[in-house]
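Working notes, structure below.
Below, chain A is the first sequence line, B the second, and so on; all start at residue 1.
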Amino acid sequence: MTQSPALDQPYDPALVESRWYGFWESHGVFAATDSPADARPVYVVPMPPPNVTGSLHMGHALMTTLEDVLVRWHRMRTFNTLWQPGTDHAGIATQTVVERMLAREGKTRHDVGREAFVERVWQWRRDTGDRIHLQQRVLGASPDWSRTKFTMDADMSRAVTEAFVRLHEQGLMYRATRLINWCPECRTALSDLEVDNEEGANGELFEFAYEVEGGGEIVVATTRPETMLGDTAVAVHPDDPRYTSFHGKRVKHPFVDRTFPIVTDAILVDPKFGTGAVKVTPAHDFNDFATGKRHGLEEINILNLDGTMNANAGPFAGLDRKEARRAVKKALAEKGFARGTKPHVLTLPRCQRSGGVVEPMISTQWFVKMAAMAEKALDAVRTGKTVILPAEWTKTYDHFLGNIQDWCVSRQLWWGHQIPAWHGPDGKIVVARERPKELGPEWTQDPDVLDTWFSSALWPFSTLGWPEETPALKKFYPASDLETGYDILFFWVARMMMFGLHFMGDVPFRRVLLHGLVVDETGEKMSKVKGNVIDPLDLVHGATFEKMVPDADALTKFKKAYPSAAAMGAGFPAFGADAVRFTLATYPPSNKRIALAPKRIEGNRHFLNKIWNATRLALDLLGDWKWMDEPPPKGFYNQWIRSRFANACATAHDGLDAFRIDEAAHAAYRFFWNDLCDWYLELAKPILRKQTDGTFLRPDQVPETRATLAYVLEGSLRLMHPLMPFITEELWQRVPRPQSRKASIALGPYPTPDAEKEAISAEVEAWMGTLQQVISAVRTVRSEHDVDKKADVPVAIRADVPEMVAFLRGHVEAIRGLVRSKGDPVFEGRGGAREAGTTVSIVTTPQGPVEVLVGLKGLVAKDDELARIDREMKKAEKDVAALEKRLGSPGFVDRAPPEVVEEARKQHASLLEARARLGEARKLAEEL
RNA sequence: GGGCGGGUAGCUCAGCGGCAGAGCGUCUGCUUUACACGCAGAUGGUCGCAGGUUCGAUCCCUGUCCCGCCCACCA
């Protein structure tokens with residue numbers, strides 16, 4: 001392990017973060033171990049290695065971060081927490097990337113052959129595997145990724161085969177010939193989910209006539225003229241008077257020697273659209289396919305697998321889809337059947353992987369029956385066995401599963417889990433866990449592979465050893481949490497739910513936590529084309545713009561996508577993993593688009609610096625103090641900071657518990673900076689720092705203050721650890737702490753609201769609030785009048801409530817120290833005479849109004865003071881008016897809850913008082 | 001066509017019946033023995049628009065206009 005950085009050095013994330021990963025590994029922080037019997041086992045389903053874009057990206061970093069925050073939190077509460085490494089599944093991105101590499105060489109996978117292609121995919125995965133592993137480590141993520149195998153692991157393949165065979169035995173996996181989505185560019189079938197609809201494509205509606213046998217013609221409209229080669233009917237609405245005379249007649253195909261009927265169909269045909277007559281192509285359109293089934297129509301496939309026309313296309317055979325479209329239109333025009341075109345906006349179905357236009361095609365594929373499994377998965381969420389957060393996604397989940405079609409799982413690709421079926425003579429098929437010995441050499445295994453999401457759907461239990469009844473499986477299934485992006489709710493989450501319930505008889509996880517998608521600062525999706533992709537490692541380690549983007553053009557694009565970063569000079573400084581993690585954790589999960597603002601990371605980087613320096617100060621103030629397990633009786637400031645800490649713990653716990661990590665992060669941030677640093681440490685300084693004569697100002701307060709300071713410091717490091725593992729570990733190793741704590745902060749415990757509950761005191765916080773307001777009032781006056789920082793000013797505090805006077809009198813040292821008053825502030829009853837040149841501020845507190853007088857004679861311009869008072873006066877007037885309107889409006893006093901009315905009256909009285917005082921203050925200011 | 005979000009300070013976003021909040025930015029003053037990656041203070045909002053419910057609406061309801069996403073359809 002590298003040397004610890006010296007604490008008096010500036011905070012340097014690179015120095016801090018390089019040392020801890022190995023330490024955690026060696027101390028078993030990442031391992032689930034046996035724990036006390038009452039400790040609930042917690043399992044967070046690990047995400048598979050990236051399989052969407054296949055490269056390192058912010059979305060991946062976000063998922064890693066949020067998963068790891070949850071895992072560290074769970075682990076600190078109950079040690080028995082598992083987030084184990086998985087094995088690779090057949091990530092679809094892998095082959096996409098390799099195919100793109102081939103395309104750059106002007107080749108397709110069919111040019112290099114199956115074996116060579118698969119080898120290239122392996123190579124690519126090994127290369128990226130190293131980078132993924134690095135990113136996991138850098139971000140501090142818990143799983144032992146060195147154990148991750150970037151292979152299609154034997155155990156995983158076994159689980160996939162087992163699942164396939166069982167589904168087949170149960171009649172849920174079947175082979176069928178039907179209309180499916182076919183991508184001619186990838187030359188594979190797709191599931192419905194893998195088809196993206198591109199809206200707003202400009203197309204045209206082409207109209208042409210079919211000759212009706214026995215005379216006349218019928219005009220149809222189409223956006224895909226070439227499909228007319230597969231037409232087997234023309235449909236009209238049964239009630240459409242225009243076509244009544246054609247019912248039962250047949251039309252002649254102009255290019256192929258066949259005739260087909262005119263049918264009536266009220267489902268397919270909308271008489272108001274186009275000509276009211278529809279050409280029917282059962283083999284290449286989903287609606288037409290259904291129509292064909294209703295009328296017993298012939299299905300004529302006109303396409304080859306690569307998108308060229310086949311022999312059924314007659315004279316057009318061999319042409320590509322696009323060429324065929326032009327040729328058909330031209331031929332129809334030549335024969336005099338063309339009837340013109342109209343512009344038409346249409347939606348194009350595109351392949352998610354290749355972007356090619358998807359063609360509906362009749363094909364024989366493997367399908368999984370979904371209806372029964374979907375029903376169970378719906379029920380599990382309805383009855384709360386699994387909770388989806390944020391809850392608004394539940395409806396989306398319901399809608400998807402409620403309308404689900406059978407899942408086409410076979411792919412004509414070469415990378416993936418091969419289907420465990422063997423084809424023999426006469427179309428015989430055998431499904432088995434391994435090739436049956438009795439099969440002769442003429443039997444060949446189905447060349448197709450499974451949809452990558454099929455193996456992913458088994459993830460929660462296949463990674464635990466299923467189908468073996470392993471101890472891990474028994475202990476950790478079902479998992480506690482699954483954390484992932486909402487974009488794969490259907491692809492992954494819903495399918496894990498179905499397969500989990502089906503194969504394990506129970507839900508795969510208790511909670512599903514969905515986060516948003518990371519986009520650039522302007523809200524645009526990150527993509528290589530747009531040039532706005534950020535590698536998280538560049539944010540962690542720092543990088544120049546030149547390194548991140550290749551050329552000047554790209555740099556311009558990049559800076560436009562990150563306006564706040566554009567002003568950062570040459571590039572990103574090294575923010576460090578903790579700052580990146582913390583920032584990612586501060587976006588609320590309801591936020592669907594996470595606009596990554598480097599400036600925000602920078603702000604949080606400053607927070608870490610603050611923590612570093614505050615700890616440095618605290619250690620200095622603590623001196624050689626040793627941890628005491630029994631905190632001594634506490635004074636006011638100590639009670640206050642303990643109360644604030646307890647509240648922060650409660651908020652953080654509730655936040656993490658409800659998957660509002662952002663709330664936990666903000667609670668920790670506010671506590672540490674605004675309470676601990678801004679107030680408590682400043683108050684503790686005069687107590688814990690020796691005076692020039694070497695004695696303490698208030699020796700009686702030293703032990704309790706040191707104990708409290710040590711307590712909240714150590715506690716807040718633990719509170720923040722899941723959000724910023726490296727810096728908290730580094731500092732925690734140096735602060736006083738109980739002997740009972742283990743070697744690493746990561747081993748907990750997490751501060752719980754229960755343990756801190758007793759420290760909460762609303763009364764103490766209210767009094768402290770008053771003190772803070774009084775101090776702020778003096779500071780405001782000083783600042784507004786540009787009083788020299790070193791100048792001491794006389795301060796008088798006037799209040800009528802005896803407890804108030806007593807309280808403030810008890811804190812003269814704090815007031816004097818924090819506002820630089822000339823001697824101790826003077827305490828008086830209200831309403832006395834005031835010296836000329838004195839400003840008056842009115843502080844409204846729950847305990848009543850307080851006047852704060854600051855003597856500024858000779859230090860201040862009259863106009864400034866008058867302006868200040870007028871401003872305060874205006875605000876008071878506004879508030880008084882609002883309250884009077886409320887109190888005066890009919891029904892408020894009668895109908896509003898008594899405590900609300902009471903509160904309003906109190907405020908009103910106190911504001912009137914304040915207004916009166918301000919009036920007097922204004923008179924006084926005239927004398928300045 | 002159906003559904004789900006969102007529109008709040010210059011920017012990014014919280015809040016969701018009872019005095020409108022944070023971070024970043026801006027302005028002013030300060031190199032104060034933890035921190036200028038800082039401190040103190042200030043500025044800044046018709047809470048998209050119009051109705052309704054309510055004693056009271058940024059918040060609930062209805063309508064409406066923008067923006068985003070998802071699903072379905074598209075001859």
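Atom CG in A:L596 sits roughly 17 Å away from atom P in B:C24 (whole-Å rounding). One atom, CD of A:E784, and another, C1' of B:U43, lie 10 Å apart when rounded to the nearest Å. Here B:C73 presents its P atom at 20 Å from NZ of A:K272, a figure rounded to the nearest Å. B:C39 atom C1' lies 15 Å from atom CD1 of A:I775, rounded to whole Å. Rounded to an integer number of Å, the gap from CG of A:N197 to P of B:G1 is 17 Å. Regarding A:D879, its CG atom lies at a distance of 8 Å from the P atom of B:A20, rounded to whole Å. A:K906 places its NZ atom 19 Å from the P atom of B:G18, with the value rounded to the nearest Å.
In this structure, A:L389 CG and A:F659 CZ are separated by 7.5 Å, a value rounded to the nearest 0.5 Å.
OP1 and OP2 of B:C69 both lie 4.0 Å or more from every side-chain N or O belonging to A:K525. The shortest distance between the side-chain N/O atoms of A:T347 and the OP1/OP2 oxygens of B:C73 is not below 4.0 Å. Remark: A:H606 is in phosphate contact with B:G38, judged by side-chain N or O atoms under 4.0 Å from OP1 or OP2. Residue A:K610 places none of its side-chain N or O atoms closer than 4.0 Å to OP1 or OP2 of B:G38. In terms of phosphate contacts, A:W673 brings a side-chain nitrogen or oxygen within less than 4.0 Å of OP1 or OP2 of B:C39. The phosphate of B:A14 (OP1 or OP2) has no side-chain N or O of A:R600 nearer than 4.0 angstrom.
Within the shown strands, nothing qualifies as a pairing partner of B:C35 under the Watson-Crick or G-U definition with both distances less than 3.5 Å. Under the Watson-Crick or G-U wobble criterion, with both distances below 3.5 Å, B:C69 is paired with B:G3. When both pairing distances are held under 3.5 Å, B:G41 makes a Watson-Crick or G-U pair with B:C27. Of all nucleotides present, only B:G21 satisfies the Watson-Crick or G-U wobble test against B:C13, with each distance under 3.5 Å.
Within 4.0 Å of A:T223, counting heavy atoms only, lie sugar-phosphate atoms of the nucleic acid but no base atom. Within 4.0 Å (heavy atoms only), A:R886 reaches at least one base atom of the nucleic acid. Among the protein residues, A:R779 comes within range of the sugar-phosphate backbone only, with heavy atoms under 4.0 Å from sugar or phosphate atoms but none that close to a base. Residue contacts for A:T586: at a heavy-atom cut-off of 4.0 Å it reaches no nucleic acid atom on any strand shown. At a threshold of 4.0 angstrom between heavy atoms, the contacts of A:F400 with the nucleic acid are absent. Counting non-hydrogen atoms under 4.0 angstrom, A:A614 reaches a base of the nucleic acid. Looking at heavy-atom distances under 4.0 Å, A:R593 makes contact with sugar-phosphate atoms alone, never a base. Within 4.0 Å of A:N591, counting heavy atoms only, lie sugar-phosphate atoms of the nucleic acid but no base atom. The residue A:A595 sits close only to the backbone: its heavy atoms come under 4.0 Å of sugar-phosphate atoms, none of a base. Within the nucleic acid shown, A:R820 has no heavy atom closer than 4.0 Å to any nucleic acid atom. Within 4.0 Å (heavy atoms only), A:L205 reaches sugar-phosphate atoms of the nucleic acid but no base atom. Nucleic acid contact class of A:Q907 (heavy atoms, under 4.0 Å, all strands): base. Counting any heavy atom pair closer than 4.0 Å across all strands shown, A:P10 reaches no nucleic acid atom.
Remark: A:R905 does not engage A:E902 in a salt bridge, criterion side-chain N to carboxylate O under 4.0 Å.
Side chain of A:R242 to main chain of A:A277: no donor-acceptor pair is present (N/O by atom type, distance under 3.5 Å, no hydrogens or angles).
Below the 3.5 angstrom threshold, one finds no donor paired with an acceptor across the side chain of A:K395 and the base of B:C4. Judged by distance alone with a 3.5 Å cut-off, a donor-acceptor contact links the side chain of A:E682 to the base of B:A34.
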| Derivation of the side-chain hydrogen bond (donor to acceptor under 3.5 Å, both in side chains) call for A:S776 and A:Q773 | CA-CA 5 Å; A:S776 292; A:Q773 282 188 69; over 6 Å; no
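Two residues, A:V220 and A:D786, neighbour RNA chain B, and the one matched to the more 5' nucleotide by heavy-atom proximity is A:D786. If A:D678 and A:V787 are placed on RNA chain B by their nearest nucleotide, the residue sitting closer to the 5' end is A:V787.
The A:T780 side chain lies nearest to B:A42 when the options are B:A42, B:A34, B:U12. Comparing B:C71, B:G5, B:C24 by their closest approach to the side chain of A:K592 singles out B:G5. Distance from the side chain of A:R660 is smallest for B:A14 among the nucleotides B:A34, B:A14, B:C4.
When each of A:K329, A:R325, A:R224, A:K342 is checked for a salt bridge (charged side-chain N to carboxylate O under 4.0 Å, His left out) with A:E204, only A:K329 meets the rule.
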